Engineer: 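Right, I'll just put the structure down here and ask away after.
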Amino acid sequence: MAPVGVRALLGGVAVNGPSDAPPIRTPDQRLRIFVSSTLRELEPERAAARHAIERLHLAPVMFELGARPHPPRELYRAYLGQSDVFVGVYWQHYGWIAPGEEVSGLEDEYRLAAPEMPKLIYVKQPAEREERLVGLIGRIRDDDTASYKPFTTADELADLIEADLATLLAERFDASRAPTVSGADAEDAPPAEALPMASTGVVGRDAEIATLLQWLDDDGDDRRRLVTLVGAGGIGKTRLALEVARRARDRFDRVTFVALEQVREDRDVLPAIARRFGVRDYGDRPMLDRLAVARAGRRDLIVLDNFEQVVSSAPLVATLLTALPDATVLVTSRTRLRLHGEHVFDVDPLAVPSDPAGAASAEIMAAPAVRLFRDRARAADPRFDVTDDNAEEVARICRALEGVPLAIELAASRIRVLTPAAMLDRLDQVLSLPASGARDVPERQRTIRATVEWSVDLLSADAQALFTRLGVFSGDFSLDAVEAVAAGTPWSADLLDTVLELVDGSLLRQHDAAGTPYFSMLVPVRELATARFEQGPDAAAARRAHADHYVRLALETEPLLRGSTQPAALDRLEAERDNLRSGYRHLIALGDSDPVVDAVWRLLLYWWIRNLLPEAKAWMADVLGSGARLSDRTRAIALALSAWVSLLQPGTEVDPAPIEESAALFRADGDPFGEGCALTVLSVAWMYRSPPDLDRAEVVQRQALELVPAERDPTFNAFFRAGLGTIELYRGHPEAALAIAESVVADAVDTGDHFVEAVLLTNAGWARLALGDPHPELFGRALELALQLGFEDGTGYGLEGMGACAALLGDVERAGLLLGAAEAARTRTGMADQRARMTHAPYVQMILASAGAAEFDAARARGRALSRSDALSLALGPG
C-alpha cells in the first residue's frame with residue numbers, strides 16, 4: 001500500500017492529500033490506545049496497561065501521576081479525538097468532580113468516547129466501590145458496544161489487555177484500513193447495511209430470546225425457515241427481533257434488516273429487500289433472479305420488519321424462500337402471513353405483578369413490566385426509583401397498561417410532571433373510554449392507541465399541533481425539515497422548545513448522524529400522527545411545503561457533493577432518503593415534474609456514488625410517460641439520465657438519437673453543463689457500439705470538455721477529461737491514457753474530491769497494466785476511497801484491478817482469490833453482467849493458457865466463497 005501521507009504514486013511522484021483526509025497507517029504511525037482510570041489508586045495497573053500496549057507496538061495515551069486530579073476537559077477531549085481504542089480500568093473510586101461539573105472526569109471520558117470507538121473495560125475485584133462508580137459500571141455493562149471483564153492483579157490485567165487488543169486488531173483489520181467505513185454487521189454486508197441499534201435495551205425477554213434462537217438453530221427437517229413474530233403495535237416485536245438477530249449473527253453468513261414501515265405498495269417490497277443487499281434493478285432481468293444469483297450459496301437471515309404494512313404481498317415471502325434456499329426469514333407483523341411452513345411466535349406483553357396490594361417493593365420489582373417502567377422513568381428523571389411508597393401505584397400503572405412496553409415507556413416519560421399516583425388516576429380515566437379509531441382492532445392495540453393519544457393530550461397546544469404536522473414525514477427527518485413544514489404557523493416561533501417537548505414525552509426519538517440531529521417516531525406513534533395529519537385542513541399545503549423543502553435540499557446540497565464536503569453531503573442525503581422519495585413522488589403525482597427532475601439532476605453524484613441510478617431512471621420514466629407537457633430542460637434531463645443508466649445494462653445498443661435530442665435541448669436552453677453531460681453520455685454510447693466508433697466518441701467528448709471548463713465545475717471537467725483517457729486506452733495508447741489519469745488525480749487530490757480520485761486511480765491502474773507495469777497500490781487506494789464513500793461498485797473495480805496486477809506479477813493464487821472475490825462482489829450487487837470499459841479478461845486468459853491454470857481456478861473458487869470482509873482484508877492487507 002501507499003506510504004504514509006501519500007495519496008497516490010504517479011510516476012514516482014508523491015502526491016499529498018488535504019489535511020482532513022483519513023491517514024493510511026504504517027508502522028511509524030501507531031494506533032493510539034486511550035487509557036482511562038483514576039490516577040491515585042491504580043498506579044501498578046496503569047503501568048501494567050502501558051507495558052501491555054507497548055509490547056504490541058501501539059501507542060498508550062494516558063495521564064501520569066503528578067498531574068492535577070484530572071486534566072482539563074478540553075485536553076482529554078482532544079486526546080480522545082486522536083485515539084483509536086478506549087481502555088477503561090476501574091476499581092473503587094468514582095474520581096474527582098471538577099467545579100461546575102456534574103460527573104467525574106472518569107465518567108466524562110467514557111461518555112465522550114466516540115460510539116464507533118472500540119471500548120475495552122476492566123474492573124478490579126474485589127472492591128468496595130463508591131455508589132456513583134457502581135452506577136457507571138452498571139451502565140457500561142449494559143452497553144452492547146463495550147467489552148467488560150473483571151481482573152484481580154496487575155499481571156492479569158496486562159495479559160487481558162494484550163490478548164484483547166491483539167484479537168480486536170485482527171477482527172477489525174479492514175475497519176482500520178478504512179476508518180470512516182462503519183456498520184457492516186455481517187461479514188459480506190456493504191458498509192451502509194448495518195443491523196440497526198435498538199434505541200433502548202431489551203427487558204424481560206430472556207425466555208423468548210432463548211426460544212427463538214433455538215428455532216433458528218434447528219436444522220434438517222425441523223428447520224424453521226419462516227418465523228413470524230406476531231403482536232400488537234408497541235408490544236416490542238422489532239426490539240425482540242433485533243436482539244435475536246444480533247445474537248444469531250455468528251450462525252449466518254449475513255443478517256439483513258429490512259424496514260418496511262414506509263413501504264405501502266406490494267410492488268415496492270422486493271426492491272426494498274434487494275436494496276438492503278446492495279442489489280440494483282437495471283430492468284434487464286427479474287429482480288428476484290438478480291437477488292437469487294447474488295445470494296446463491298449464502299446462509300442468510302433476513303428480518304422483514306412491520307410486514308403488516310404490506311401483508312397482501314405475503315406470497316412474495318414464499319417465493320423469496322424458494323429463490324434463496326439457504327435463507328431464513330424472520331418477520332415482525334401484527335398479523336400472521338398464513339403461508340405454508342410459517343412458524344408463528346406470539347409476542348406477549350411483559351409480565352406484571354399479580355396483585356400489588358400489600359406486596360413488598362422487591363416482589364413488585366421482580367415483574368419485567370415494572371423494571372421497564374423504572375428504567376424508562378430514570379431516563380427521564382435520574383432521581384426516580386420504585387420504593388415502598390410508590391411501588392403499588394407503579395404496579396397498577398403497568399397492569400392498567402397490560403404490560404405493553406410502548407405504553408409503559410410513554411407513561412414513564414411523564415414521571416417528571418406526574419407522580420405515579422397522579423399518573424394512575426389519569427390513565428384510569430383515559431383507558432376506561434374506547435380509544436378513537438376502529439372498534440374491531442385487538443384490545444391491546446386499542447390500549448396502545450389510547451396511551452399514545454393520552455401522551456399527546458398531555459402536550460401543550462403548540463406541541464400537539466406540531467405532532468400532527470410531523471405526520472407528513474416518512475422516515476427520519478432533520479430540524480431544518482421541521483422548520484420548513486412549520487413555517488407560517490402561529491406556533492413556530494419557539495419551535496426548538498416544542499420539538500424538545502415531544503422528545504421529552506418519548507413521542508420523538510432523536511439521534512445524530514454526521515453531526516446533524518435527526519428525529520424519528522415509532523410506528524404506532526407515527527400512525528397516530530399520520531392519521532391526525534391527513535384529517536387536518538392544511539394537509540395539502542403541508543405536503544407541498546414538505547416537497548418544496550426537499551427540492552431546496554437538492555439545490556443546497558449540489559455544490560457540497562463536490563470536493564472535500566462530499567462525504568458529509570452524501571450522508572445527509574442518505575439519512576433523509578425516504579423523505580426525498582415521498583416528496584418527489586408527491587410532486588410527480590401533482591403533475592409538477594419540473595422541480596423534481598431538476599432536483600434529481602442536481603443530486604446526480606449522490607445517485608451515482610450510492611448506486612441509486614436505477615431509481616432515478618425510474619422517476620424519469622414516470623415523467624416521460626406521464627403525458628404531461630414538459631419543459632425542454634426537463635425533457636433533456638430525463639432523456640440523458642435514462643440513456644446513461646441504460647448504458648450500464650447489457651443487451652442491445654443504446655439508440656443515440658434521444659441523447660442527441662437531449663444535447664440539442666440543453667443547447668437551446670443555454671445550459672452548457674447539461675449539454676456537456678449529454679455529450680459525454682453520447683460519447684460513451686459511441687464507445688460501446690460494436691464495433692466502437694472512437695473517432696465520433698472523441699469529437700463529442702472534446703465538445704463536452706470545452707463546454708465545462710475546470711473553473712466552472714472541476715468535478716465534471718475531471719470526468720470529461722477521464723472520458724478522453726478511456727478513449728486513448730481503447731485506441732491502444734496507454735501512455736496518453738496514463739498521462740490524463742495522473743493529471744486528473746493530482747487535481748482531485750488538490751480539491752479533496754475522493755470520488756474523482758477513486759475513479760481516476762482505477763483508470764491509472766489499468767493504463768499501468770496496459771504498459772506492463774502493475775501498480776496494485778493504485779487500485780488499493782481507490783478501493784479504500786470507495787469504501788469511505790459507500791461506492792459499492794468501486795469494490796468490484798478495485799478487486800478486479802488488484803487481481804489483474806497479481807496475475808501480471810505471477811502470483812497465481814492471489815490473482816485467483818482476488819478475481820474470484822471481485823466476481824462475488826459483482827454478483828452480490830446484481831452487476832455480474834455489467835458492461836465494463838476496463839476489463840481483467842485478458843489477464844484471466846493469460847493465466848488459463850499457462851501451467852498455473854488449475855491453481856488459478858481453484859483459488860478463484862475460494863475467492864468467490866470469501867466473505868466481503870475477508871476479501872477486503874486480503875486485498876488491503878500485506879500481499
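What you see is a predicted model; the values in this text were computed from it and never measured.
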Engineer: Check the pair F373, L350 against side-chain contact (heavy atoms from CB on, under 4.5 Å), reporting the backbone distance first and the verdict last.
Structural biologist: CA-CA 11 Å; F373 183 96; L350 295 175; over 6 Å; no
Engineer: Has R532 got a side-chain atom pairing as donor or acceptor with G471's backbone, closer than 3.5 angstrom?
Structural biologist: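 Checked: no pair found.
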Engineer: Check whether any side-chain heavy atom of F307 lies under 4.5 Å from a side-chain heavy atom of S313, and answer yes or no.
Structural biologist: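 Yes. Closest side-chain heavy atoms under 4.5 Å.
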Engineer: Working to the nearest 0.5 angstrom, can you tell me the gap between S333 OG and L229 CG?
Structural biologist: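 CG of L229 is found 9.5 Å from OG of S333.
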Engineer: Could you name each residue pair satisfying salt bridge (charged side-chain N to carboxylate O under 4.0 Å, His left out) that touches residues 618-635, not counting sequence neighbours?
Structural biologist: D598-R633, R633-D671, R635-E661
Engineer: Between L406 and L410, is there a side-chain heavy-atom distance shorter than 4.5 Å?
Structural biologist: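 Touching, per the 4.5 Å side-chain cut-off.
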Engineer: Less than 4.5 Å apart, any side-chain heavy atom of D578 and any of D476?
Structural biologist: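 Of all side-chain heavy-atom pairs linking D476 with D578, none is under 4.5 Å.
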Engineer: Find the distance between CD (E558) and CG (L604) and round it off to the nearest 0.5 Å.
Structural biologist: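 Going from CD on E558 over to CG on L604, the span is 9.5 Å.
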Engineer: Quick one: CG on L470 to CE on M521, what's the gap to the nearest 0.5 Å?
Structural biologist: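 One finds 4.5 Å between CG of L470 and CE of M521.
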Engineer: State, to 0.1 Å, how close C398 and A369 come at their nearest heavy-atom pair, and which atoms those are.
Structural biologist: SG-O, 3.5 Å
Engineer: Give a yes or no on whether a salt bridge exists between E534 and R543, defined as a side-chain N under 4.0 angstrom from a carboxylate O.
Structural biologist: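 Looking at E534 and R543, the cut-off is met.
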Engineer: So F673 and W601, would you call those rings parallel, tilted or perpendicular, with 30° and 60° as cut-offs?
Structural biologist: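 Judged by the thresholds at 30° and 60°, the geometry between F673 and W601 is perpendicular.
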Engineer: Before you tell me yes or no, could you show the steps for L459 and L466 under side-chain contact (heavy atoms from CB on, under 4.5 Å), namely the whole-Å CA-CA distance, both residues' side-chain angles and the distance that decides it to 0.1 Å?
Structural biologist: CA-CA 10 Å; L459 298 169; L466 175 59; over 6 Å; no
Engineer: So which pairs with a foot in residues 487-503 pass side chain to side chain donor-acceptor pair (under 3.5 Å), sequence neighbours left out?
Structural biologist: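 Passing the test, one end in residues 487-503: S460-E501.
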Engineer: I'd like to check I235 versus L240 (side-chain heavy atoms, cut-off strictly below 4.5 Å). Are they in contact?
Structural biologist: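 They are not in contact (no side-chain heavy atoms under 4.5 Å apart), so the answer is no.
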Engineer: Does R577 CZ have over 12 foreign heavy atoms under 6.0 Å away?
Structural biologist: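 Buried by this count: over 12 neighbours within 6.0 Å.
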Engineer: For E409, is there an ion pair with R509 - N to carboxylate O distance below 4.0 angstrom?
Structural biologist: yes
Engineer: With sequence neighbours left out, which residue pairs that include part of residues 261-271 fulfil the salt bridge (charged side-chain N to carboxylate O under 4.0 Å, His left out) condition?
Structural biologist: E261-R526
Engineer: Does CZ belonging to R378 count more than 12 external heavy atoms closer than 6.0 Å?
Structural biologist: yes
Engineer: For Y550 and Y584, what are the C-alpha separation, side-chain angles and deciding distance, and is it a ring pair (Phe, Tyr, Trp, His ring centres under 6.0 Å)?
Structural biologist: CA-CA 8 Å; Y550 287 101; Y584 295 172; 7.6 Å; no
Engineer: Could you grab the distance from atom NE2 of H586 to atom CG of D548, nearest 0.5 Å is fine?
Structural biologist: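 Spacing of NE2 (H586) from CG (D548) equals 8.5 Å.
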Engineer: Atom CG in L522, atom CG in L528: separation rounded to 0.5 Å?
Structural biologist: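 Atom-to-atom, L522:CG and L528:CG are 12.5 Å apart.
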Engineer: Just one of T557, L560, D753, T715 clears the side-chain contact (heavy atoms from CB on, under 4.5 Å) bar with L605, so which one?
Structural biologist: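 Single pass found, and it is T715.
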Engineer: Is the shortest heavy-atom distance from the side chain of L641 to the side chain of W619 under 4.5 Å?
Structural biologist: no
Engineer: Compare all side-chain heavy atoms of R376 with those of S506 and state whether any distance is below 4.5 angstrom.
Structural biologist: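 In short, these two side chains do not touch, never coming nearer than 4.5 Å.
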Engineer: Of all the heavy-atom pairs spanning A616 and V600, show the shortest one and how long it is.
Structural biologist: CB-CG1, 3.9 Å
Engineer: Quick check: does any side chain N or O of S662 sit under 3.5 Å from a backbone N or O of P658, one acting as donor and the other as acceptor?
Structural biologist: no
Engineer: Which pair of non-hydrogen atoms, one from A377 and one from F384, has the smallest distance, and what is that distance?
Structural biologist: CB-CD2, 3.5 Å
Engineer: I would like to know whether V310 and L316 meet side-chain contact (heavy atoms from CB on, under 4.5 Å); could you show each step before the answer?
Structural biologist: CA-CA 10 Å; V310 285; L316 170 66; over 6 Å; no
Engineer: One thing to verify: whether R239 and E243 come together as a salt bridge, which I'm taking to mean a side-chain N less than 4.0 angstrom from a carboxylate O.
Structural biologist: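 The answer is no: the pair does not qualify as a salt bridge.
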Engineer: Does R334 form a salt bridge (charged side-chain N to carboxylate O under 4.0 Å, His left out) with E527? I'd like the steps, not just the answer.
Structural biologist: CA-CA 14 Å; R334 295 181 190 175; E527 288 173 341; 2.9 Å; yes
Engineer: Locate the shortest heavy-atom distance separating R602 from A554; write the atom from each residue and the value.
Structural biologist: CB-O, 4.1 Å
Engineer: Quiz question: by atom type and distance under 3.5 Å, do the side chains of N579 and H546 form a donor-acceptor pair?
Structural biologist: yes
Engineer: What pair of heavy atoms forms the shortest contact from F755 to Q566, and how long is it?
Structural biologist: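 That closest heavy-atom pairing would be N-OE1, 3.2 Å.
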Engineer: With the side chain counted from C-beta on, respond yes when L573 and L561 share a heavy-atom pair under 4.5 Å apart, and no when they do not.
Structural biologist: yes
Engineer: What I want to find out is whether D592 reaches R544 closely enough, with some N-O distance under 4.0 Å, to be called a salt bridge.
Structural biologist: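 Salt bridge: yes.
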Engineer: What do the steps show when you test W644 against W608 for ring pair (Phe, Tyr, Trp, His ring centres under 6.0 Å), and what is the final call?
Structural biologist: CA-CA 11 Å; W644 184 24; W608 185 3; 4.9 Å; yes
Engineer: Using every non-hydrogen atom in the two residues, find where A272 and V263 come nearest and quote the distance to one decimal.
Structural biologist: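 Minimum heavy-atom separation between A272 and V263: CB-CG2, 4.3 Å.
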Engineer: Taking K237 for its side chain and A232 for its backbone only, find out whether a donor-acceptor pair lies under 3.5 Å.
Structural biologist: yes
Engineer: Quick one, L507 with S455, criterion side-chain contact (heavy atoms from CB on, under 4.5 Å). Give me CA distance, side-chain angles, the key distance, then yes/no.
Structural biologist: CA-CA 8 Å; L507 294 165; S455 192; 4.1 Å; yes
Engineer: In Å and rounded to the nearest 0.5 Å, what is the CD to CG distance from Q510 to L479?
Structural biologist: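 One finds 10.0 Å between CD of Q510 and CG of L479.
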Engineer: Is the shortest side-chain heavy-atom distance between L401 and V404 below 4.5 Å?
Structural biologist: no
